[in-house]
Amino acid sequence: MEGGDGSSAATMDQWRQFSRLFQAYLDKTTPHAVYRWIGTATLVFLYALRVYYVQGFYIVSYGLGIYILNLLIGFLSPLVDPELEPSDGPLLPTKGSDEFKPFIRRLPEFKFWYAITKAFIISFLMTFFSMFDVPVFWPILLCYWFVLFTLTMKRQIMHMVKYRYVPFNIGKQKYGGKKSSGGSSSSGSRAD
């Protein structure tokens, strides 16, 4: 019995070491968003190539599409939805005169990327097992997915318009303040 407990403890230690190592590499990828998404795009391409090559696994692809749509809604939604729960915490501004409050996502970009990447890896692995290749008429699934996507995005965009938020920040904000006519000022002060 003791030999079984020792090997179990050794296995748990190895699992913890692997988990820490994996987390360390995952943490190192955090600031490299472009490279992470390029890697995921490559994985998406390989998955699409695999599904095209085997001419099957459409139900797996449909499930993957629904899961990604769910993740996209979380990515585009604010952390605190003003429609569901009024809170004392940070809220989205509803008028132009309201104080600026930054948009905080319900699903942060890194978790969004990580969940999509895991989903494509799992789906890719599922294409190697014939029990997941359920015969379906794929054009109906594709049409149904497009209807779901359209209705869901319409609802999300209406919510964004109603509460006046944009879930994307593209570059640094530029404000149309007064420009100085003297070129550069020698005082060195900044108006931030």
Side-chain angles (χ1 to χ4, degrees), residues 7-81 102-157 159-160 165-171:
S7 69
S8 174
T11 304
M12 287 301 291
D13 285 340
Q14 288 174 342
W15 176 253
R16 284 187 193 113
Q17 286 177 350
F18 172 76
S19 178
R20 284 187 199 124
L21 185 64
F22 178 74
Q23 188 64 45
Y25 282 118
L26 200 58
D27 291 342
K28 287 180 183 180
T29 67
T30 304
H32 306 290
V34 173
Y35 298 117
R36 285 189 281 120
W37 282 105
I38 288 172
T40 300
T42 304
L43 186 61
V44 169
F45 177 73
L46 290 174
Y47 175 76
L49 199 63
R50 170 82 178 144
V51 169
Y52 178 76
Y53 176 72
V54 297
Q55 294 291 311
F57 298 97
Y58 301 119
I59 199 78
V60 172
S61 299
Y62 176 72
L64 177 64
I66 295 295
Y67 180 69
I68 290 173
L69 183 60
N70 185 31
L71 290 174
L72 185 62
I73 293 302
F75 181 70
L76 296 176
S77 298
L79 180 63
V80 178
D81 192 350
F103 180 79
I104 302 170
R105 300 179 194 288
R106 186 171 36 156
L107 182 64
E109 183 271 336
F110 184 79
K111 289 183 179 181
F112 178 61
W113 165 80
Y114 186 59
I116 284 179
T117 303
K118 280 194 312 187
F120 271 102
I121 289 171
I122 291 169
S123 298
F124 186 76
L125 292 175
M126 288 173 76
T127 63
F128 291 99
F129 299 97
S130 62
M131 68 183 192
F132 296 117
D133 191 11
V134 178
V136 293
F137 186 61
W138 67 266
I140 289 183
L141 285 180
L142 186 63
C143 289
Y144 185 59
W145 187 85
F146 276 119
V147 167
L148 276 175
F149 179 80
T150 304
L151 293 175
T152 305
M153 284 297 112
K154 179 182 176 190
R155 192 184 82 210
Q156 186 66 31
I157 290 170
H159 189 269
M160 290 163 64
Y165 67 91
V166 178
F168 306 105
N169 68 0
I170 302 168

| query | Hey, do the aromatic rings of Phe128 and Phe132 have their centres closer than 6.0 Å? | reply | no

| request: Nearest 0.5 Å please: distance from the CG atom of Leu72 over to the CD1 atom of Ile68. | output: 9.5 Å

| field | pair Ser77-Arg105: side-chain heavy atoms closer than 4.5 Å | value | no

| Does the side chain of Tyr47 pick up a donor-acceptor pair with the side chain of Thr127 at under 3.5 Å? | no

| Minimal non-hydrogen separation, Leu69 against Met153, with atom names | CD1-CE, 4.2 Å

| field | Audit row: Ile66, Trp145, side-chain contact (heavy atoms from CB on, under 4.5 Å) steps and yes/no | value | CA-CA 7 Å; Ile66 295 295; Trp145 187 85; 3.7 Å; yes

| query | Roughly how far, to the nearest 0.5 Å, is the CZ atom of Arg106 from the CG atom of Leu79? | reply | 9.0 Å

| task | List in chain and number order the residues that pass side-chain hydrogen bond (donor to acceptor under 3.5 Å, both in side chains) with Thr117, two or more places apart in sequence or in another chain; answer none if no residue qualifies. | result | Thr40, Trp113

| request: Could you go through the ring pair (Phe, Tyr, Trp, His ring centres under 6.0 Å) check for Phe112 and Trp37 one step at a time? | output: CA-CA 11 Å; Phe112 178 61; Trp37 282 105; 5.8 Å; yes

| What pairs of residues pass the salt bridge (charged side-chain N to carboxylate O under 4.0 Å, His left out) test when at least one of them lies in residues 111-123, not counting sequence neighbours? | none

| field | Polar side-chain atom of Ser19 near backbone of Trp15 as donor-acceptor pair, under 3.5 Å | value | no

| remark: When every non-hydrogen atom of Ala115 is compared with those of Leu71, the smallest separation belongs to CB-CD1, 3.6 Å

| What pairs meet the salt bridge (charged side-chain N to carboxylate O under 4.0 Å, His left out) rule with one or both residues in residues 34-46, with sequence neighbours excluded? | Arg36-Glu109

| remark: Between the CG atom in Leu46 and the CZ atom in Phe120, the distance rounded to the nearest 0.5 Å is 11.0 Å

| query | Of all heavy-atom pairs between Leu64 and Ser123, which one has the smallest distance, and what is that distance? | reply | CD1-OG, 3.6 Å

| remark: What one should report as the nearest heavy-atom pair of Phe75 and Leu107 is CD1-O, 3.5 Å

| query | Nearest 0.5 Å, what's the CE-OG distance between Met126 and Ser61? | reply | 9.5 Å

| remark: dist Leu148:CG -> Cys143:SG (nearest 0.5 Å) comes out at 11.5 Å

| field | Between Gln23 and Asp27: side-chain donor-acceptor atoms closer than 3.5 Å | value | yes

| note | Asp133 and Phe57 have their tightest heavy-atom pair at OD1-N, 2.9 Å

| request: Determine whether Asp13 and Arg16 make a side-chain contact, defined as any pair of heavy atoms from C-beta on separated by less than 4.5 Å. | output: yes

| query | Would you say Tyr62 and Leu142 make side-chain contact, with heavy atoms under 4.5 Å? | reply | no

